[in-house]
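Take a look at the structure set out below.
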Amino acid sequence: MSIFYVIAGFLLLVVGGEFLVRSSVGLSFKLKLSKVVIGMTVVSFATSAPELIVSLQAALDGYPALAIGNVVGSNIANIALVLGITAIIFPLMVDKDFYKMNWPMMVALSVLLYYFLWNDNVLSGIEGTILFVSLIIFIYFMVKISRKNTKNEVQDVDEALRETSSVKIVIWLLIGGLALWGGSELLVKGAVDIASKLGVSKGLIGVSMVALGTSVPELAASVIAALRKEKAISLGNLIGSNIFNIGSVLGLTAIVKPIPVTDPQILSNHIIWMLAIAVLLLPLVFMPKKLEVSRLKGLVLFGGYIVFIYLSFKISGV
């Protein structure tokens with residue numbers, strides 16, 4: 001039954017995320033926002049909704065390790081798994097915003113998160129506020145710079161949603177919200193049950209199974225885009241998702257309820273992997289061919305993810 005809960009939760013998160021993105025973009029067009037602003041704020045936040053709902057639900061239910069593990073594991077999966085598989089299918093070019101803005105912000109927030117957790121083994125409301133405010137400041141400057149450069153116009157925002165009726169937007173929003181809520185309930189319940197039966201920590205389940213589930217929308221979209229040889233997915237989008245995961249998901253969750261570190265593996269293993277992959281991504285992008293994530297680099301990233309999952313379960317004695 002636990003497996004059924006997890007699978008049903010995954011499916012509802014995918015459906016909920018899709019409806020939330022569509023309704024959010026439709027609403028943004030109604031508010032006459034540009035595609036740049038929509039793509040860099042509304043869509044990014046909406047695609048992080050599964051992580052936000054699951055982490056918040058886990059924290060409120062008294063499973064903080066699941067909440068932190070979900071974000072850390074999702075950030076690892078976005079770069080090592082999603083980007084790795086996408087690059088294997090179709091190599092990706094990297095724009096200059098990667099090393100000028102996105103990568104430094106991702107690393108800075110990752111290091112800040114590690115310090116907050118290492119300092120006193122808890123992510124407090126004040127620390128969550130710092131993470132969230134940092135995200136808002138980053139978004140402000142990112143949008144301001146992007147508006148000056150028309151070449152940065154986002155290509156993966158569906159123009160057809162401009163004509164969506166207000167009634168349809170409300171219906172999509174309700175469906176998306178209910179699906180995300182129901183999916184998070186089922187996924188957390190199933191994950192906790194599986195962790196109990198396997199005798200492993202909830203942090204490990206969060207960083208592997210739950211994180212993979214909340215990354216399913218990004219993985220599916222990336223693979224489909226790569227197969228179609230479209231540029232709908234980019235390294236910048238995935239790094240943006242990681243920035244949102246730390247700044248909004250953990251930031252807002254900690255504001256609602258402080259998140260203690262109850263699983264030592266989070267600090268001694270999982271978050272170290274997240275930092276390592278984030279930091280090493282820069283030299284990987286520049287060597288040997290600059291500003292390209294080739295198939296070979298994709299294999300390296302994917303192989304790294306497999307090693308991470310294997311070692312994490314091995315350390316836990318599974």
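Just so it is clear, the values below take in all heavy atoms, side chains as well, and ignore hydrogens, waters and symmetry mates. Keep in mind that this is a model prediction, so the values were computed, not measured.
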Under the side chain to side chain contact (heavy atoms under 4.5 Å, CB included) test, residues paired with Met101 that sit two or more places apart | Phe138, Met142, Ile145
Side chain to side chain contact (heavy atoms under 4.5 Å, CB included) with Glu185: which residues, sequence neighbours excluded?
-> Gln57, Trp181
Heavy-atom side-chain contact between Val82 and Thr86 under 4.5 Å = yes
Between Ala211 and Ser74, what is the shortest heavy-atom contact and its length?
-> CB-N, 3.3 Å
Is the shortest heavy-atom distance from the side chain of Ile169 to the side chain of Ser165 under 4.5 Å?
-> no
Can you get from Leu291 to Val300 by hopping between Ile, Leu, Val, Met, Phe, Trp and Tyr side chains that sit under 4.5 Å apart?
-> no
One should read off an interatomic distance between Asn78 CG and Ile243 CD1, to the nearest 0.5 angstrom, of 11.5 Å
Does Ala278 offer a backbone N or O that forms a donor-acceptor pair with the side chain of Trp103 under 3.5 Å?
-> yes
Any residue meeting side chain to side chain contact (heavy atoms under 4.5 Å, CB included) with Ile306, in chain and number order, not counting sequence neighbours = Phe302
Test item: Ile130 and Ser134 side chains (from C-beta on) under 4.5 Å apart, heavy atoms | yes
Give the other cluster members for Val256, using side-chain heavy-atom distances under 4.5 Å between Ile, Leu, Val, Met, Phe, Trp and Tyr residues; answer none if it is isolated.
-> Leu56, Leu60
Do Ile68 and Ile272 belong to the same hydrophobic cluster, where Ile, Leu, Val, Met, Phe, Trp and Tyr are linked whenever their side-chain heavy atoms lie under 4.5 Å apart, directly or via other members?
-> yes
For Lys100, the side-chain hydrogen bond (donor to acceptor under 3.5 Å, both in side chains) test, sequence neighbours excluded, returns none
Count the heavy atoms of every other residue, nucleotide or ligand shown that sit under 6.0 Å from CD1 of Ile126, and state whether that count exceeds 12.
-> no
Considering only heavy atoms from C-beta outward, does the side chain of Phe98 approach that of Val285 to under 4.5 Å?
-> yes
Check whether any side-chain heavy atom of Ile277 lies under 4.5 Å from a side-chain heavy atom of Phe308, and answer yes or no.
-> no
Would Ile205 and Ile7 show up in the same hydrophobic cluster when neighbours are defined by side-chain heavy atoms closer than 4.5 Å?
-> yes
For residues 113-124, which residue pairs qualify under side-chain hydrogen bond (donor to acceptor under 3.5 Å, both in side chains), counting only residues two or more places apart or in two chains?
-> Ser124-Glu127
Approximate separation, where rounding is to 0.5 Å, of Asn75 CG and Ile239 CD1 = 10.5 Å
Closest contact, heavy atoms only, Ile259 versus Ala254 | CD1-N, 4.0 Å
Shortest non-hydrogen contact from Pro260 toward Pro64 = O-CB, 3.3 Å
Looking only at non-hydrogen atoms, find the nearest pair between Ala8 and Leu186 and report the distance.
-> CB-CD1, 3.8 Å
To the nearest 0.5 Å, tell me how far Leu117 CG sits from Leu123 CG.
-> 5.5 Å
Does some side-chain heavy atom of Leu187 sit less than 4.5 Å from a side-chain heavy atom of Leu12?
-> no
If we only count heavy atoms from C-beta on, is the Val111 to Leu275 side-chain gap below 4.5 Å?
-> yes
Under the ring pair (Phe, Tyr, Trp, His ring centres under 6.0 Å) test, which residues partner Phe286, sequence neighbours left out?
-> Tyr99
ILVMFWY cluster, Val6 and Ile3 together (side-chain gap under 4.5 Å) | yes
For Ala179 and Gly16, the nearest pair of non-hydrogen atoms, with its separation, is CB-CA, 3.5 Å
Test side chain to side chain contact (heavy atoms under 4.5 Å, CB included) applied to Val133 - qualifying residues, sequence neighbours left out = Thr129, Ile137
For Val122, which fellow cluster members are found when Ile, Leu, Val, Met, Phe, Trp and Tyr are connected by side-chain heavy-atom distances below 4.5 angstrom, either directly or through intermediates?
-> none
Mind jotting down which residue pairs meet the side-chain hydrogen bond (donor to acceptor under 3.5 Å, both in side chains) criterion with at least one end in residues 292-306? Sequence neighbours excluded, please.
-> none
Qualifying side-chain hydrogen bond (donor to acceptor under 3.5 Å, both in side chains) pairs, either residue in residues 260-286, two or more places apart | Ser201-Asp263, Asn269-Trp273, Asn269-Ser312
Would you give the length of the straight line joining atom CG of Leu301 to atom CG of Leu284, rounded to the nearest 0.5 angstrom?
-> 5.0 Å
Mark yes or no for whether Asp193, through its side chain, and Ser2, through its backbone, hold a donor-acceptor pair below 3.5 Å.
-> no
Are Val107 and Leu280 grouped together when hydrophobic residues (ILVMFWY) are joined by side-chain heavy atoms under 4.5 angstrom apart?
-> no
Ser55: partners by side-chain hydrogen bond (donor to acceptor under 3.5 Å, both in side chains), with sequence neighbours left out = Asn70
All heavy atoms of Asn245 vs all of Val249, minimum pair found to be O-CB, 2.9 Å
Heavy atoms, side chains only, cut-off 4.5 Å: are Met274 and Leu113 in contact?
-> yes
